[in-house]
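Since the structure comes first, as structure tokens, the remarks are kept for the end.
Just so it is clear, the structure is predicted and the values come from calculations on it, not from any experiment.
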2 protein chains.
Amino acid sequence: MMDKRKQKKLEAAGWKVGNAEDFLELTQVESDYISLKIALSRHLKTRRQSLRLTQKDFAGMIHSSQSRVAKMEAGDPGVTLDLLVKSLLTLKTPIEDIEKMLP
Amino acid sequence: MMDKRKQKKLEAAGWKVGNAEDFLELTQVESDYISLKIALSRHLKTRRQSLRLTQKDFAGMIHSSQSRVAKMEAGDPGVTLDLLVKSLLTLKTPIEDIEKMLP
DNA sequence: GTTGAACATGTCAAATTTGATATAAATTGA
DNA sequence: TCAATTTATATCAAATTTGACATGTTCAAC
């Protein structure tokens with residue numbers, strides 16, 4: 001997105017292209033956070049499928065809705081880690097497995 | 001997730017809520033979830049302290065407030081895993097990089 | 001014991017997330 | 001093919017979480 005060429009161009013034009021550390025660090029955190037969520041999403045989907053549960057059935061188990069389960073598994077940005085983790089715990093995912101993925 | 005909405009509906013309709021299986025199962029999930037949050041809270045506090053950061057300084061790094069950091073470290077129920085995880089990820093940054101960010 | 005810095009606790013409007021609902025798209029099995 | 005089941009996507013009011021702030025408590029240095 002922000003490649004070196006573009007950055008040089010902007011700097012040449014007199015723009016300050018952000019404090020590099022801030023930029024990189026926040027991006028890294030966001031990136032790691034998203035990766036974590038995607039990993040949990042995949043685990044969830046795999047686990048649900050291996051238990052032959054439909055999204056609807058599983059939604060019932062966690063007192064939620066099919067559409068929310070679909071969003072969880074799609075890695076939708078508007079789904080919290082809390083919901084993903086509680087879902088995995090409901091499917092009896094060993095807590096150690098979850099911890100291994102967390103920072 | 002855990003039932004408040006449905007529970008209110010049922011109670012309003014005159015039901016005593018608490019199917020034993022549901023209760024036990026959800027409690028186990030809740031229990032594991034809380035344990036996980038407490039573990040992360042402790043981890044966060046330890047890591048922050050080992051970096052000699054005050055709560056206020058760290059709050060600045062994650063664009064939050066001292067009081068919220070205190071709540072995170074106290075394992076406050078009203079703090080999400082998302083916030084805890086992002087905080088821990090922020091502290092994963094090499095110490096030298098963090099020092100550069102301080103006043 | 002006074003002072004000041006660090007931390008804890010309570011409150012709140014604003015922002016985000018939630019389950020529910022509707023409906024479209026995809027998959028499955030005859 | 002085609003109907004039934006399953007999954008994806010969009011929307012929304014209600015619930016929860018957020019950072020900010022105010023204020024109280026703890027603790028160390030003097």
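Among all heavy-atom pairs drawn from Gly75(A) and Ser41(A), the shortest one is CA-OG, 3.6 Å.
Between the P atom of dT16(D) and the NE2 atom of His63(A) lies a distance of 15 Å, rounded to the nearest Å. Computed from coordinates, the Arg68(A) CZ to dC12(D) P distance equals 15 Å when rounded to whole Å. Nucleotide dT18(C) holds its C1' atom 11 Å from the CD1 atom of Ile62(A), rounded to whole Å. At whole-Å resolution of the value, CD in Gln55(A) and C1' in dT9(D) are 12 Å apart. If you take CG of Asp76(A) and P of dT11(D), they are 13 Å apart, rounded to a whole angstrom. Rounded to an integer number of Å, the gap from CD of Gln49(B) to P of dC27(D) is 13 Å. Computed from coordinates, the Phe58(A) CZ to dG19(C) P distance equals 11 Å when rounded to whole Å. Rounded to a whole Å, the CE atom of Met61(A) is 17 Å from the C1' atom of dG19(C).
The side chain of Thr54(B) has dC7(C) as its nearest neighbour among dC7(C), dT6(D), dA10(D).
Considering only side-chain N and O atoms, Arg48(B) lies under 4.0 angstrom from the phosphate OP1 or OP2 of dC7(C). A sub-4.0 Å separation between OP1 or OP2 of dG19(D) and a side-chain N or O of Ser64(B) is present. Between Gln66(A) and dA8(D), a side-chain N or O to OP1/OP2 separation shorter than 4.0 Å is absent.
Side-chain N/O atoms of Thr80(A) and base N/O atoms of dT16(C) include no donor-acceptor pair closer than 3.5 Å. Between the side chain of Ser65(B) and the base of dC21(D), no donor-acceptor pair of N or O atoms lies under 3.5 Å. Lys71(B) contributes a side-chain N or O that forms a donor-acceptor pair with the base of dT11(C) under 3.5 Å.
Using a 4.5 Å heavy-atom cutoff, the side chains of Ile38(A) and Arg42(A) are in contact. Between His43(A) and Asp97(A), every side-chain heavy-atom pair lies at or beyond the 4.5 Å cut-off. By the 4.5 Å heavy-atom criterion applied to side chains, Leu83(A) and Arg68(A) are counted as neighbours. At least one side-chain heavy atom of Met72(A) sits under 4.5 Å from a side-chain heavy atom of Ser87(A).
Taking the nucleotide of DNA chain C with the nearest heavy atom to each of Lys45(B) and Asp82(B), the more 5' of the two is matched to Lys45(B). Both Leu83(B) and Lys56(A) lie near DNA chain D, and the one whose nearest nucleotide falls closer to the 5' end is Lys56(A).
Heavy atoms of Val69(B) sit nowhere under 4.0 angstrom from any nucleic acid atom.
One distance of note links OG of Ser64(B) with NZ of Lys56(B); it measures 13.5 Å at 0.5 Å rounding. We find the CZ-CD distance between Arg47(A) and Glu73(A) to be 13.5 Å, quoted to the nearest 0.5 Å. Within the model, atoms CG of Asp82(A) and OH of Tyr33(B) stand 3.5 Å from one another, a figure rounded to the nearest 0.5 Å.
For the helix from dG1(C)-dC30(D) to dA30(C)-dT1(D), the axis fitted to the five pairs at one end and the axis fitted to the five pairs at the other end meet at an angle of 60° (nearest 10 degrees).
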